[in-house]
Amino acid sequence: MEYNFKSIEDKWRKNWATEKTFKPEANSTKPKYYVLDMFPYPSGAGLHVGHPLGYIASDIYARYKRLKGFNVLHPMGYDAFGLPAEQYAIQTGQHPEITTEANISRYRDQLDKIGFSFDWDREVRTSEPNYYKWTQWIFKQVFNSWYCTKEDKAKPIAGLIERFNSEGNTTVKAVSDDTALFNAEEWKAKTSTQKEETLLAYRLAYRSETMVNWCAELGTVLANDEIKDGVSERGGHPVEQKRMMQWSMRITAYAQRLIDGLKTLDWTDAIKEQQRNWIGRSEGATIRFELASDALGIEQQLEIEVFTTRPDTIFGVSYMTLAPEHEYVSRITTDKYKEDVSNYIQKTKKRSERDRMSDVKTVSGQFTGAYVKHPFTGTKIPVWIGDYVLASYGTGAVMAVPAHDSRDFAFAKHYNLPILPVVTGGNLPEESHDGKEGKLINSSFLDGLEVKDATISSIAKIEEKGAGKGKIQYRLRDAIFSRQRYWGEPFPIYYENGLPKAMDDKDLPLRLPPVEKYLPTESGEPPLARAENWKTPDGNDFETNTMPGWAGSSWYFLRYMDATNDGAFVSKEAQSYWKNVDLYIGGSEHATGHLLYARFWMKLLFDLGFVSEKEPFKKMINQGMILGRSNFAYRVKDTNTFVSYGLKDEYDTTAIHVDVNMVENDVLNVNAFKGWRSDFANAAFILENGDYKCGAEVEKMSKSKFNVVSPDLIVEKYGADTLRMYEMFLGPLEQFKPWNTNGISGVNNFLRKFWRLFHDADGCFKVSDAKPLKEELKTLHRTIKKVQEDVEAFSFNTSVSTFMVCVNELTSQKCNKRSVLEPLVLLMCSYAPHISEELWSLLGHEDGVSYQKFPTFDSAHLVESSHTYPVSFNGKMRFKVELSLDLSKEEIEKQILTHEKSAHYLNGEKPKKVIIVPNKIINIVV
RNA sequence: GCGGAUAUGGUGGAAUUGGUAGACACGCUAGAUUUAGGAUCUAGUGCCGUGAGGUGUGUGGGUUCGACUCCCUCUAUCCGCACCA
């Protein structure tokens, strides 16, 4: 019988589904292992060959762990809320739910064809009410919590109210918006509205007027990580800064714990480093500078606070710079400079965020006429404004030390301000000396100290003087949590007297209401404002914003543990058994979005006692993207004539993406092209050697570039097992690589050869029960060893090669011994499950291959031809003999003596003594 | 500018962690077979050289009996962050 992948794959796929082969055991005594893929957003384009890459890798690992005796959880679901379905709804009026449903069923079909070992009974969809019920519930927990900095954890707000009742807020140490101090009496005297307002300043989910990234084109705000190069990540639309009332979450309260937690994670350094940079911890001090009182007609005793990471350079301050938006600018500017300052502010406002980014070299600023006093010397320091200082970081003001900060240096050079060196070293006055090495000079009590020590003692002196204090500053901002969209989770929030109130648990989920149109209202309110009767039974308005995309994806990994539970987001028992994700596979593009938010929520749920783990994903592998290879045709300008790639330089042409499915080996199927689009029906072609050659380029796969290769076609032509092995064979998992189908026949050949090992010349299934030869065992055990090492190291590409070598060797050994082939099937079944399952059943086993044990290797069989080389060692000669455990001592000696390099060491004499040590190194005393 | 990564044949990529560089696969060349081939099989294939031989892992240096592997220098490419004080 020939290898008929179609019938084999259909048969086993059905069998796995009906037998529920991949359902984890309940009440298992086995150790657990949780393998998770980042769940996909079901887009209209369907899966392309890049999507399954990570899924195949995780599937191989999940199947491997199962054979290794683990109770494996390997689920899949859909991140179903999102922009494209909503934009499609805006264009067509079709409800996003219908679009999403259709896309999901297409995804499911495609996924099913590849033979994954998912437990589909645990599927989750973030847009399902029985899922987002719990997203809303978690939001409520956040809303009803505050962050205690003393215990360094989130706590229920009810406890805070009790403390306010008994002692006010004077002893409360919390992460909160600045609020005035009050005692218990004052708290009790507040009206309920005032109390709510106060509490809102403490809640971990809160509403505030915030500067947001507003994308007019998309009609919504965007998070920082949804913006790339100043435009929206989706669609590339311009983004502007705007003040709006928004929900936010106090992720900043967790900044330090999010950094500390990274140490416990088995993630790549690149991702950890990205998160560290994003959180952006810097140690330094805040220092207050008093306004010089002799400034003309300016109010006394105003202090400007700066943040600096270099308090040691305090004596090098030669001026101060405020952000143009700094609140004191108008108050301190002297009459003489009023006009210049306001002109400058106007000018910087016009510069968009994008210009500021692309043009960081231009130095600009303006003197305000005001001076501050140096806290130690009392010297007058001029105050400038400059757009190199950001209002949103630190205090929006910097003490400028041009000698030791390159930005201050450029500014000082440009405006001719003094440059005072206070640390030795560097290349002053040509450039600033930013490095933290050298000794302090010209710095009074700091003179002679190293930078490190000077930093410590300067902070101490500043604190002693009451001029400031040591401070740790983070770049991370609170996460804006509301979106002006339809297709997202509604907030479980209504408004009473203008203040937000959380709904009762029993009223959840708050379902998305039907709306006529999916656009914002004429008055600019979000789409939910169109919903009829969007009110509580008491007539209070519901929140009209919806949650951002990351809400549902920040906890889905917990839901899989107990996907159908109606009484809790996950039961205590399920969570304490599965704990957290052991292996997470997905792209690195979520480094500062999803992966940070999920960690934040996990820690918050941990603080509140809902989960037992502090981190969601223990180990993570980031698969590289598979890129597409686009093809181009070259249209001669203003004609319908296309010129072949090699001749295009003789004409004035425009390149047009052509569908890669009409191109083979860069040769265009001209007839298919004519039928592709009506305006090409009459196209003329200038050929070379009778063919139309296309140009090619590697780009991201996308519908609009017509370079999407669907896995369906590959499965159709070669089968799922070939696709699985080929995707692994393509190269290291983590690497970005272009898709090309050139090598796929090699993998397909290999599977056919593998099949033939079990069949005789007439194609009849036939294996022998004879004892295997030494050579055959060597091949087998080497393969077991290598494959196990490769799987553990996620080097799936090399193990595919290992299989090929193994099958090639067994073929040339004409080996058809059961005792060799059976373990080989078990090795292969993670990679090519369908063919393995079929062969396993042909071998006469009733239990499926997934219920077996991973074979163990016996190093006694791993005998190589020996290889000897000399190693010098403390006057003795040391020889290393590789993999020659079966050689006799005499043989080893002979090899050493006849080794070409031996003459050099032994000078023709015989060694006095030969000592063989277990690690295959032989000491020879001369 | 800061941080992370990568660099090996015509191509994708191996190398047991310091031990015969180029496994495996694609491609290519020759031969066999087939009416013909996108099919199958056999042999060859880093580069230079007819050959013996020489040479070779981005550049230059170092450690070592021995370096793709370790150390230093430079170069190129990719990714992330970026006037964060």
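Quantities reported herein were computed from a predicted structural model and do not represent experimental measurements. Just so we're on the same page: letters track the sequence lines, and every chain starts at 1.
At G12(B), none of the side-chain N or O atoms of Asn797(A) fall inside 4.0 Å of OP1 or OP2 (strictly under the cut-off). Neither OP1 nor OP2 of G12(B) sits under 4.0 Å from any side-chain N or O of Gln735(A). The side chain of Asn749(A) contributes no N or O atom lying less than 4.0 Å from OP1 or OP2 of A39(B). In this structure, Asn622(A) does not reach the C79(B) phosphate: none of its side-chain N or O atoms is under 4.0 Å from OP1 or OP2. Distances shown here put a side-chain N or O of Tyr393(A) below 4.0 Å from the OP1 or OP2 atom of A85(B). One finds no side-chain N or O of Arg276(A) lying less than 4.0 angstrom from the OP1 or OP2 phosphate oxygen of G4(B). At least one side-chain nitrogen or oxygen of Ser282(A) sits closer than 4.0 Å to the OP1 or OP2 atom of A85(B).
Nucleic acid contact class of Phe803(A) (heavy atoms, under 4.0 Å, all strands): none. Across all strands, Arg281(A) comes closer than 4.0 Å to no nucleic acid atom at all (heavy-atom distances).
In this structure, the nucleotide among C26(B), C24(B), A85(B) sitting nearest to the side chain of Asn742(A) is C26(B). Taking every side-chain heavy atom of Thr798(A) into account, A15(B) is the closest of A85(B), A15(B), A82(B). For Met804(A), the listed nucleotide lying nearest its side chain is A25(B); candidates were C81(B), A25(B), C83(B). With G80(B), G4(B), A85(B) as the choices, the nucleotide that has an atom nearest any side-chain atom of Ala270(A) turns out to be G4(B). Of the candidate nucleotides C24(B), A85(B), G80(B), G80(B) has the atom lying nearest to any side-chain atom of Asn277(A). Each of A85(B), C24(B), C83(B) was ranked by its minimum atom distance to the side chain of Ser801(A); first place goes to C24(B). When distances are taken from the side chain of Pro732(A) to each of C26(B), A14(B), A23(B), the shortest belongs to A14(B).
Pair assignment for U55(B): G46(B), on the basis of Watson-Crick or G-U wobble contacts that are both within less than 3.5 Å. Base pairing of U11(B) is made with A25(B), judged by Watson-Crick or G-U wobble geometry with both donor-acceptor distances under 3.5 Å. Using N1 to N3 plus N6-O4 or O6-N4 for Watson-Crick, or N1-O2 and O6-N3 for G-U wobble, each under 3.5 Å, A32(B) pairs with U40(B). The nucleotide U20(B) finds no pairing partner, because no Watson-Crick or G-U wobble arrangement with both distances shorter than 3.5 Å includes it. Nucleotide G3(B) forms a Watson-Crick or G-U wobble pair with C79(B), both donor-acceptor distances falling under 3.5 Å.
Across the protein-nucleic acid pair, Asn808(A) atom CG and C41(B) atom P stand 11 Å apart, rounded to whole Å.
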For this session: Go through the steps to decide whether Arg599(A) and His594(A) satisfy the test side-chain contact (heavy atoms from CB on, under 4.5 Å), and finish with yes or no.
Result: CA-CA 8 Å; Arg599(A) 294 183 60 218; His594(A) 161 62; over 6 Å; no
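Minimum interatomic distance between Pro418(A) and Ser318(A) (heavy atoms only, all atoms of both residues): O-OG, 2.7 Å.
When only modelled atom types and interatomic distance are considered, Asp434(A) and Ser406(A) share a side-chain donor-acceptor pair under 3.5 Å.
In terms of position along RNA chain B, the nucleotide closest to Glu273(A) lies nearer the 5' end than the nucleotide closest to the other residue of the pair Tyr474(A) and Glu273(A). When each of Lys786(A) and Thr308(A) is assigned the nucleotide of RNA chain B with its nearest heavy atom, Lys786(A) is the one assigned upstream, toward the 5' end.
Not a single donor-acceptor pair under 3.5 Å links the side chain of Ser799(A) to the backbone N or O of Asp790(A). Side chain of Ser812(A) to backbone of Glu809(A): a donor-acceptor contact under 3.5 angstrom is found.
Applying side chain to side chain contact (heavy atoms under 4.5 Å, CB included) to Trp739(A) and the options Val660(A), Leu627(A), Leu53(A), Leu730(A) leaves one that passes, Leu730(A).
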